[in-house]
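Each remark here refers to the structure printed beneath this line.
Heads up: numbering here begins at 1 and tracks the sequence.
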Amino acid sequence: MKAGVWFAAGAAAGVYGMVRVRRLAEAFTPDGMRDRIGAAVVGARMFGEEVARGQAVAEIHLRQRFDGADAGPPQLMNPTTTPSREGIR
């Protein structure tokens, strides 16, 4: 009984080791390196988008806290709606 358990454990460890070595060897082939670099580029792009989204949300929260008025992104004023200068002398 003990010999069978040890045989099964050894066979399982051997299969596990072979699979890990095969995956490691595939990772260092040109195709594997291309996949890893592509994944890193996609990850960096996603991280940049998340940072930009977080900055926009933080800006909205800060505007709400300090301005109390407009909570959206900054708006440009229409040059035709500038205040009149009649009262300023």
Side-chain angles (χ1 to χ4, degrees):
M1 179 73 176
K2 280 187 173 182
V5 171
W6 283 110
F7 177 76
V15 168
Y16 177 76
M18 290 295 291
V19 168
R20 295 290 291 178
V21 167
R22 187 173 294 146
R23 284 184 185 172
L24 183 65
E26 191 274 330
F28 289 107
T29 63
D31 289 335
M33 292 301 287
R34 188 177 314 120
D35 290 343
R36 284 175 174 247
I37 292 170
V41 169
V42 169
R45 185 178 303 132
M46 288 175 62
F47 178 73
E49 290 171 358
E50 286 293 322
V51 167
R53 188 176 300 125
Q55 286 177 336
V57 168
E59 181 178 355
I60 290 171
H61 287 257
L62 285 172
R63 285 184 183 277
Q64 286 175 344
R65 183 174 178 186
F66 292 115
D67 289 344
D70 183 29
Q75 302 286 326
L76 294 176
M77 291 183 61
N78 188 353
T80 60
T81 61
T82 56
S84 68
R85 297 184 152 245
E86 291 177 8
I88 304 173
R89 288 191 191 209

- Task: Go through T29 and E26 one step at a time and tell me if the side chain to side chain contact (heavy atoms under 4.5 Å, CB included) criterion holds.
- Result: CA-CA 5 Å; T29 63; E26 191 274 330; 4.2 Å; yes
- Item | Spatial distance of atom CD (E59) from atom CZ (R63) [nearest 0.5 Å] | 4.5 Å
- Hydrophobic clusters join Ile, Leu, Val, Met, Phe, Trp and Tyr when side-chain heavy atoms are under 4.5 Å apart, directly or via other members; which others share one with L24? F28, M33
- Message: Taking side chain to side chain donor-acceptor pair (under 3.5 Å) as the definition, give me every residue that meets it alongside R53, ordered by chain and number, with sequence neighbours left out.
- Response: E50
- Note on the structure: For R45, the side chain to side chain donor-acceptor pair (under 3.5 Å) test, sequence neighbours excluded, returns none
